[in-house]
Peer 1: 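The structure that follows is given in the form of structure tokens.
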Amino acid sequence: MSDRLKDTVQLPQTDFPARAGLADMEPRWLAQWADQPQKKSDAPRYRLHDGPPYPNGDIHAGHALNKVVKDVVCRSRHMMGHRIDFQPGWDCHGLPIETQVIKKKSVDASDSVVFRNQCQAFAQDYVARQRTEFQRLGIEANWDQPYLTTHPDYEAHVVSVFGQLVDAGLVYHGRKPIHWCTCCKTALAEAEIEYDTHQSVSVTVRFPLSELPGVSTDLPVSLWVWTTTPWTLPANVGLAVHPNLEYGVFDLGTEVAVVANTRWAALSETLGVSGQCLATLYGRDLEGCVASHPFLDQPAPIGGADFVTDSDGTGIVHIAPGHGVDDYQVGQYYGWDVVMPVDDSGCLTQGDWAGQFVFKASPQIRDHLNATHRLVHSATIQHAYPHCWRCHNPVIFRATPQWFIAMDTPMPNGKTLRAMAMESLSSIQWVPEWGKTRIQAMLEQRPDWCISRQRRWGIPIPVVRCQSCGEPALTPAVNAAIQTAVRTHGSTVWFEQSAAEILPATTTCAACGSQAFEKVMDILDVWFESGSSFMLDPEPADLVIEGTDQHRGWFQSALLLALAVRKEPPFKAVMTHGFIVDEQGKKMSKSKGNATKPEQIVQSYGADILRWWVASVDVKDDVQLSPQLLDQAKQAFLKIRNTIRFLLGNLNGFSGDRVSVDALAPLDRWIVHRAQTVHDAVVLDYEGLAIHRAVQRLVQFCSGDLSAHYLDSVKDRLYCDAPQSESRQCAQSTLAYLFELLIRMIAPILVFTAEDAYQYYAFKTNSSVHDLTFLDPGAHSTALAQQEADTTWAAVFSIKEQVYQAAEVLRQNKVIKQFLQTQVAITLPESLAHLQTFTEWRSVLLVAEVTCSVDETVTDPVVSVTPVAHKKCDRCWRYDATVSDQVCARCAHVMEVVQ
RNA sequence: GGGCUUGUAGCUCAGAUGGUUAGAGUGCACGCCUGAUAAGCGUGAGGUCCCUGGUUCAAUUCCAGGCAGGCCCA
């Protein structure tokens with residue numbers, strides 16, 4: 001009997017599989033998409049410019065997050081009617097690849113050309129791997145034509161940018177201290193330094209001072225200065241104090257000493273002296289005073305610097321700009337010389353200790369200080385000190401010739417690069433807004449940009465020098481010739497051909513008239529390369545999206561170079577995201593976290609779930625990643641997928657002729673209106689780059705309005721009303737509206753699942769879901785639906801909640817098993833009198849009977865829920881007064897019609 | 001140490017120009033259904049809104065200082 005009845009019920013039916021099977025399904029779609037030809041479009045272009053990742057390993061979760069965010073943005077913009085231009089890039093030069101190649105024993109690192117070819121092969125290998133890995137995530141991009149910083153055309157662009165900076169007067173040759181290994185006679189990058197303990201001679205030295213503001217004494221006055229590198233004293237050009245520290249002037253009986261107040265106790269104890277404090281000065285009071293060098297006949301002016309501390313020493317430091325980064329910056333600020341009397345092998349070149357190795361000179365200088373009564377105290381200390389990673393010898397800081405971009409030199413337009421950069425910030429949209437504050441502070445403080453490196457895997461600094469007089473030939477013609485050579489042969493040409501082969505034959509030194517030139521063998525800072533990527537397109541990018549570390553990195557290098565060359569920023573908007581951290585909010589360590597490799601996530605969960613996780617979290621802050629969170633993403637994903645499957649199943653047999661929204665049943669009108677409202681809000685979320693809000697909205701809509709309220713209610717009509725009845729046509733029309741809206745909302749995120757589901761939709765208008773655009777705002781929201789939403793539905797659902805709370809009590813008391821077995825009496829207040837004629841009480845509440853009355857003495861609705869005595873219809877399972885012969889009147893009628 | 005930044009239910013997120021009982025989804029517990037079934041529905045429990053101090057009639061919200069994270073510097 002029940003089987004026969006079941007045959008008359010229209011249950012959902014679809015071939016859209018119950019199980020996602022993403023691991024199999026996703027690659028099938030990738031293959032299919034790859035086969036499709038590129039579509040032409042004259043829609044307005046939207047260009048998201050890709051910040052190039054570094055190809056020296058497989059992609060990690062951070063890469064995945066970055067590219068998925070970009071992809072969701074691009075795809076959603078596409079659905080807003082744009083033609084997307086997304087060219088992925090890779091930043092292929094640089095030290096990490098050099099060092100990884102050097103570690104390979106098979107490589108001959110002595111030959112630059114061979115070495116560079118090895119680096120090239122290494123980079124290309126990882127570009128290919130990363131590309132495959134990104135593609136597997138469903139990232140849509142111009143994968144066939146990525147930009148690589150090693151591509152000859154790109155390299156030529158970079159050479160051109162350098163030339164234009166020269167023309168703008170921004171490039172200069174100067175000196176800057178860098179780590180230098182005196183044993184290997186080479187510059188070392190930070191990454192090539194390892195810290196080890198080292199024994200140093202420390203000295204506390206007197207720097208005599210003839211006058212001190214507000215202090216009068218007949219005794220000799222001196223500033224006491226502590227240093228662990230006495231060998232740098234010959235290169236001293238001044239002293240630095242902290243402007244806000246207090247300095248005491250101490251009378252020791254035979255002399256007067258100036259040191260930081262907070263250091264005096266420790267110092268007087270160490271030295272066994274006592275003294276009386278004559279005065280206290282702030283560091284800023286000392287600024288501008290001039291002391292004398294302890295043994296050279298030269299002044300030692302006093303400057304202020306924030307890096308000075310009173311944690312050790314005397315609170316006064318000696319400044320040798322040729323031998324320290326801090327020193328260098330203070331020196332730059334005050335315009336002090338970069339004195340650097342040390343040669344390649346670490347030997348002093350001038351003065352009494354000329355020819356002496358620096359670490360041997362230190363004790364000699366100490367002895368000299370002692371002999372001349374300039375030494376206050378001396379000791380031997382053990383401390384962590386930088387050592388060379390290759391030979392493990394201690395390294396020194398040594399100023400070497402470098403190329404710079406001037407931040408504060410006016411360009412032909414009269415503005416400095418710094419000023420232009422600061423001004424440009426407000427013309428750029430920063431998401432989140434504090435990105436502007438962040439980069440602003442960095443731009444304000446940054447020193448001139450040192451763009452040269454003493455390495456081999458990079459684009460050479462395109463500079464030649466006159467062999468006779470050493471003058472660089474920085475002319476447009478020379479730059480053009482180098483561009484041509486690089487574009488034709490790649491930048492390795494610099495290591496293969498002589499200057500004469502590269503330059504035009506007529507090149508003549510402007511200074512001395514010589515025609516013999518030699519190449520400068522430095523390479524460019526990789527940030528200069530990636531920062532030149534604006535050259536790929538004549539227009540600024542609409543948007544860039546990178547981690548917040550790029551406020552110092554790429555955003556800044558790109559901004560500075562584009563402003564110098566184009567006088568406009570390279571991007572209109574900058575969105576930043578945070579970093580991936582573990583369950584405790586701590587940064588990811590390489591030792592653990594194999595569960596967080598994108599590859600494994602894709603394998604065990606699927607790319608759509610990884611994408612859903614990315615989309616569901618607020619990426620402007622750091623985001624946590626763990627299996628638990630992926631499981632949660634999977635749950636939400638399945639909810640959405642199931643909902644879509646239910647829609648598809650119940651659209652089975654639908655003609656596709658959708659009933660217009662106003663002609664639908666009120667409940668249908670409401671859910672279509674709701675779905676449209678959510679759709680419109682989701683589109684705005686996408687547009688405002690708040691993807692996680694779109695996801696929250698979507699999930700809450702699916703679980704709340706759709707699943708709990710609408711779909712549960714509409715099942716009776718779908719399953720039990722006559723197949724072609726108007727009521728069922730309305731229901732199916734509604735499901736079609738819902739599907740159309742829902743599939744669009746998820747398409748930018750669940751790129752595979754949306755495409756897969758769309759193929760099972762019988763009324764699709766495009767072959768791919770990814771060719772669809774969003775619907776116009778309010779496309780399916782009528783004035784009537786809006787009015788009903790305002791006046792009816794909130795009250796109805798609030799009453800539903802009341803009814804269920806009351807019904808739950810009956811169920812707990814075992815009076816009923818199901819809510820279907822109840823009848824409900826609703827007493828409405830005057831204000832809700834219009835709900836008395838509401839026609840859908842029964843299907844909304846899913847109970848047997850509903851009666852409504854109005855009572856002006858109540859202020860809120862009152863409900864009474866009681867068991868009903870009706871029999872259950874064996875077909876529709878509702879309890880109904882008309883049940884006879886096991887089915888209700890409606891079902892009896894339907895069965896007649898069907899047969 | 002400095003610049004920027006984060007801290008609201010177990011989790012992901014909302015929210016309040018300062019004002020009743022701080023919300024949603026998910027997870028969890030209990031129950032229902034077995035015609036969305038490796039699904040669906042209902043009810044419920046869950047919060048010192050990081051801490052301390054200040055301003056205020058009133059602070060999770062504003063201010064200051066801490067604590068714990070993150071990025072970038074030093």
Side-chain angles (χ1 to χ4, degrees), chain A residues 2 5-7 9-14 16 18-20 242 305-311 325-326 329 432-446 547-553 556 576-588 612-613 615-618 620-624 626 628-629 631-636 638-639 641-650 690 692-693 695-704 707-709 711-713 715-716 718-720 800-801 803-812 814 816-821 846 875-877:
Chain A
S2 67
L5 284 176
K6 186 166 177 169
D7 291 342
V9 174
Q10 300 95 40
L11 296 179
Q13 198 183 331
T14 174
F16 182 53
R19 297 187 60 183
H242 193 291
D306 287 342
F307 74 84
V308 178
T309 69
D310 59 355
S311 56
V325 175
D326 284 333
Q329 283 179 14
E433 285 176 15
W434 50 255
K436 182 182 169 186
T437 324
R438 188 166 152 89
I439 196 168
Q440 187 167 10
M442 291 172 175
L443 280 168
E444 260 166 12
Q445 293 178 26
R446 71 158 299 153
T548 85
D549 55 333
Q550 300 303 331
H551 284 117
R552 175 162 296 274
Q556 210 176 119
T576 49
H577 56 75
F579 283 71
I580 296 183
V581 294
D582 67 13
E583 299 98 298
Q584 276 81 44
K586 299 268 177 69
K587 70 171 152 195
M588 282 286 176
W612 185 262
W613 166 74
S616 67
V617 293
D618 185 356
K620 79 168 185 293
D621 301 324
D622 294 328
V623 292
Q624 295 183 14
S626 66
Q628 288 77 9
L629 288 163
D631 286 338
Q632 190 173 325
K634 184 178 176 180
Q635 294 292 331
L638 286 173
K639 176 75 189 181
R641 193 173 191 285
N642 256 314
T643 304
I644 286 175
R645 183 160 186 269
F646 183 76
L647 297 179
L648 286 172
N650 284 294
H692 71 288
R693 286 190 175 238
V695 167
Q696 297 269 336
R697 219 182 278 284
L698 249 165
V699 172
Q700 286 170 27
F701 171 71
C702 272
S703 301
S707 205
H709 286 147
L711 295 179
D712 223 27
S713 290
K715 280 178 198 167
D716 178 67
L718 288 167
Y719 297 173
C720 299
K800 180 178 179 183
E801 205 179 334
V803 168
Y804 279 14
Q805 279 164 4
E808 183 69 16
V809 175
L810 295 184
R811 183 152 65 187
Q812 303 259 322
K814 313 273 187 208
I816 54 163
K817 292 279 272 183
Q818 294 173 261
F819 292 177
L820 276 171
Q821 294 170 273
L846 295 166
R875 183 168 177 274
C876 70
W877 297 350

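Residue numbers start from 1 in every chain, and the chains themselves are labelled A, B, ... in the order their sequence lines are given, proteins ahead of strands.
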Peer 1: Can you find a pair of side-chain heavy atoms, one from D549(A) and one from F579(A), that are under 4.5 Å apart?
Peer 2: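 Sidechains of F579(A) and D549(A): in contact.
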
Peer 1: For W613(A), is there any backbone N or O sitting under 3.5 Å from a side-chain donor or acceptor partner on S616(A)?
Peer 2: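 Answer holds: yes.
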
Peer 1: Distance check, C1' atoms only: A29(B) and U61(B), in whole angstrom units.
Peer 2: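 It comes out at 33 Å once rounded to the nearest Å.
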
Peer 1: Would you indicate what R875(A) reaches in the nucleic acid, counting non-hydrogen atoms under 4.0 angstrom: base, sugar-phosphate, or nothing?
Peer 2: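 Base contact.
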
Peer 1: I'd like the P distance from G2(B) over to G65(B), given in whole Å.
Peer 2: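 About 11 Å, rounded to a whole number of Å.
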
Peer 1: For the pair made of CG in D621(A) and P in G7(B), what is the distance, rounded to whole Å?
Peer 2: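 Rounding to the nearest Å, CG of D621(A) and P of G7(B) are 6 Å apart.
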
Peer 1: If only side-chain N and O atoms count, and only distance matters, is there a donor-acceptor pair under 3.5 Å linking Q812(A) with E808(A)?
Peer 2: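 There is such a pair (donor and acceptor under 3.5 Å, judged by atom type) between the side chains of E808(A) and Q812(A).
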
Peer 1: Measure from the side-chain N and O atoms of R446(A) to the backbone N and O of Q556(A), and report whether any donor-acceptor pair falls under 3.5 Å.
Peer 2: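 Between the backbone of Q556(A) and the side chain of R446(A) there is no qualifying donor-acceptor contact (under 3.5 Å).
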
Peer 1: Assuming nearest nucleotide by heavy-atom distance, tell me which of V623(A) and L638(A) is located more 5' along RNA chain B.
Peer 2: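 On the 5' side of the pair lies V623(A).
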
Peer 1: Quick one: does R811(A)'s side chain get under 4.5 Å of I816(A)'s, heavy atoms only?
Peer 2: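 When only atoms from C-beta onward are counted, I816(A) and R811(A) do touch, with a gap below 4.5 Å.
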
Peer 1: Using the C1' atom on both, measure C62(B) against G25(B) and round to a whole Å.
Peer 2: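 Straight-line distance between the two C1' atoms is 31 Å.
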
Peer 1: Take atom OH of Y804(A) and atom C1' of U43(B), then tell me their distance rounded to the nearest Å.
Peer 2: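 These atoms are roughly 12 Å apart.
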
Peer 1: Using a heavy-atom cut-off of 4.0 Å across all strands, would you classify D631(A) as base, sugar-phosphate, or nothing?
Peer 2: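 Contact class for D631(A): none.
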
Peer 1: Using only side-chain N and O atoms of R697(A), determine if any of them is under 4.0 Å from OP1 or OP2 of C13(B).
Peer 2: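 So the side-chain polar atoms of R697(A) never come under 4.0 Å of the phosphate oxygens OP1 or OP2 of C13(B).
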
Peer 1: D712(A) side chain: which of G40(B), A74(B), C4(B) is closest?
Peer 2: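 Ranking G40(B), A74(B), C4(B) by closest atom to the D712(A) side chain puts G40(B) first.
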
Peer 1: Considering just the side-chain nitrogens and oxygens of S707(A), establish if one lies under 4.0 Å of OP1 or OP2 belonging to A36(B).
Peer 2: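 It does not, given that no N or O in the side chain of S707(A) lies less than 4.0 Å from OP1 or OP2 of A36(B).
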
Peer 1: What distance, rounded to whole Å, do you find between the two P atoms, one in C72(B) and one in G40(B)?
Peer 2: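 Nearest-Å result for C72(B) against G40(B) at atom P: 42 Å.
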
Peer 1: Nucleotide by nucleotide, 5' to 3', does protein get under 4.0 Å of the base (B), only the sugar-phosphate (S), or neither (-) in nucleotides 21-32 of chain B, counting heavy atoms?
Peer 2: ---BBSS---BS

Peer 1: If you look at every strand shown and take non-hydrogen atoms under 4.0 Å, does L629(A) touch a base, only sugar-phosphate, or nothing?
Peer 2: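 L629(A): backbone/sugar contact only, no base atoms under 4.0 Å.
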
Peer 1: State, with a plain yes or no, whether a side-chain heavy atom of K6(A) is found less than 4.5 Å away from one of L11(A).
Peer 2: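 Result yes, sub-4.5 Å side-chain heavy-atom pair found.
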
Peer 1: I want to verify a distance call: between A36(B), A14(B), U12(B), whose nearest atom is closest to the Q624(A) side chain?
Peer 2: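 It is U12(B).
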
Peer 1: Work out how far the P atom of U17(B) is from that of U60(B), and round it to whole angstrom.
Peer 2: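 It works out to 16 Å between them.
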
Peer 1: Tell me the partner of A58(B), counting only Watson-Crick (N1-N3 plus N6-O4 or O6-N4) or G-U wobble (N1-O2 and O6-N3) with both under 3.5 Å; none if nothing fits.
Peer 2: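 The answer is none; no pair meets the criterion.
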
Peer 1: Starting at atom CD of Q556(A), determine the distance to atom C1' of G3(B), rounded to an integer number of angstrom.
Peer 2: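 Rounding to the nearest Å, CD of Q556(A) and C1' of G3(B) are 13 Å apart.
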
Peer 1: Given A14(B), is OP1 or OP2 found less than 4.0 Å from the side-chain N or O atoms of H692(A)?
Peer 2: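 So the side chain of H692(A) is within the cut-off, an N or O lying under 4.0 Å from OP1 or OP2 of A14(B).
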
Peer 1: Show, in sequence, the C-alpha distance, side-chain angles and deciding distance for D712(A) and K715(A), and conclude whether the salt bridge (Lys or Arg N to Asp or Glu O under 4.0 Å) test is met.
Peer 2: CA-CA 6 Å; D712(A) 223 27; K715(A) 280 178 198 167; 3.0 Å; yes

Peer 1: Would you check if the side chain of R645(A) reaches a backbone N or O of F16(A) as a donor-acceptor pair within less than 3.5 Å?
Peer 2: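 A pair under 3.5 Å: yes.
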
Peer 1: Search all heavy atoms of V695(A) against all heavy atoms of A615(A) and return the closest pair with its distance.
Peer 2: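 What the structure gives for the nearest pair is CG2-O, 3.5 Å.
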
Peer 1: Applying the Watson-Crick and G-U wobble criteria at under 3.5 Å, what pairs with A29(B)? Answer none if nothing qualifies.
Peer 2: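 Base-paired to U43(B).
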
Peer 1: Taking all non-hydrogen atoms of both residues, which atom of T576(A) and which atom of G547(A) are closest, and how far apart?
Peer 2: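 Between these two residues, the closest heavy atoms are CG2-O, 4.2 Å.
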
Peer 1: Of the options A74(B), A14(B), A36(B), whose atoms approach the side-chain atoms of R693(A) most closely?
Peer 2: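 Looking only at side-chain atoms, R693(A) lies closest to A14(B).
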
Peer 1: How would nucleotides 61-71 of chain B be written as a contact map, 5' to 3', with B for base contact, S for sugar-phosphate-only contact and - for no contact, using protein heavy atoms under 4.0 Å?
Peer 2: --------SSB

Peer 1: Check whether any side-chain heavy atom of K586(A) sits under 4.5 Å from a side-chain heavy atom of V581(A), and report yes or no.
Peer 2: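 Heavy-atom side-chain distance check fails, nothing below 4.5 Å.
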
Peer 1: Establish, with yes or no, whether the OP1 or OP2 oxygen of A38(B) is under 4.0 angstrom from a side-chain nitrogen or oxygen of R645(A).
Peer 2: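 Looking at the OP1 and OP2 atoms of A38(B), neither is under 4.0 Å from any side-chain N or O of R645(A).
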
Peer 1: Looking across every strand, which nucleic acid part, if any, lies under 4.0 Å from A441(A) by heavy atom: base, sugar-phosphate, or nothing?
Peer 2: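 Contact class for A441(A): sugar-phosphate only.
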
Peer 1: For residues L711(A) and T643(A), determine if any side-chain heavy atom of one lies less than 4.5 Å from a side-chain heavy atom of the other.
Peer 2: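 Yes, side chains in contact.
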
Peer 1: For A14(B) versus A9(B), give the span between their P atoms, rounded off to a whole number of Å.
Peer 2: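 So the two P atoms sit 13 Å from each other.
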
Peer 1: Using atom P of each nucleotide, how far apart are A74(B) and G15(B) to the nearest Å?
Peer 2: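 Each nucleotide's P atom is 37 Å from the other's.
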
Peer 1: Between atom CD1 in I580(A) and atom C1' in U6(B), what is the gap in whole Å?
Peer 2: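 Between C1' of U6(B) and CD1 of I580(A): 16 Å.
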
Peer 1: Let me know the distance between CD of Q329(A) and P of A74(B), rounded to the nearest Å.
Peer 2: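 Nearest whole value for this atom pair: 7 Å.
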
Peer 1: Does NZ belonging to K800(A) count more than 12 external heavy atoms closer than 6.0 Å?
Peer 2: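 Counting neighbours around NZ of K800(A), more than 12 heavy atoms of other residues, nucleotides or ligands fall under 6.0 Å, so yes.
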
Peer 1: A64(B) pairs with which nucleotide, Watson-Crick or G-U wobble, both distances below 3.5 Å?
Peer 2: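 Looking at the geometry, A64(B) pairs with U52(B).
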
Peer 1: Say whether, by atom type as modelled, one donor and one acceptor occur between the side chain of Q821(A) and the main chain of Q818(A) under 3.5 angstrom.
Peer 2: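 Yes.
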
Peer 1: Could you tell me how far A45(B) sits from U12(B) if I compare only their P atoms? Round to whole Å.
Peer 2: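 Roughly 23 Å separates the two P atoms.
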
Peer 1: With both distances kept under 3.5 Å, what pairs with U17(B), Watson-Crick or G-U wobble?
Peer 2: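 The base-pairing partner of U17(B), which may sit in any strand shown, does not exist here.
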
Peer 1: Check every strand shown and say whether D618(A) touches a base, only sugar-phosphate, or nothing at a heavy-atom separation below 4.0 Å.
Peer 2: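 The residue D618(A) makes sugar-phosphate contact but no base contact.
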
Peer 1: For A36(B), give its Watson-Crick or G-U wobble partner with both distances under 3.5 Å, or none.
Peer 2: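 Checking every strand shown, A36(B) finds no partner, since no pair has both distances under 3.5 Å.
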
Peer 1: For nucleotides 44-49 of chain B, list the nitrogen or oxygen atoms of the protein found under 3.5 Å from its nitrogen or oxygen atoms, one pair per line.
Peer 2:
none

Peer 1: Report yes if a donor N or O on one partner sits less than 3.5 Å from an acceptor N or O on the other, where the partners are the side chain of R19(A) and the base of A38(B); otherwise report no.
Peer 2: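 Looking at the base of A38(B), it does pair with a donor or acceptor on the side chain of R19(A) (distance under 3.5 Å).
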
Peer 1: Answer with base, sugar-phosphate or nothing: what part of the nucleic acid does W877(A) contact at a heavy-atom distance below 4.0 Å?
Peer 2: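 Here W877(A) touches the bases of the nucleic acid.
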
Peer 1: For G46(B), does the O4'-C1'-N9-C4 (purine) or O4'-C1'-N1-C2 (pyrimidine) torsion place it in syn, i.e. within 90° of 0, or in anti?
Peer 2: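 Judged by the O4'-C1' to base torsion, G46(B) sits in syn, the angle falling within 90° of 0.
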
Peer 1: Over all strands shown, is C702(A) touching base, sugar-phosphate only, or nothing at heavy-atom distances under 4.0 angstrom?
Peer 2: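 If one applies the 4.0 Å heavy-atom cut-off, C702(A) turns out to touch nothing in the nucleic acid.
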
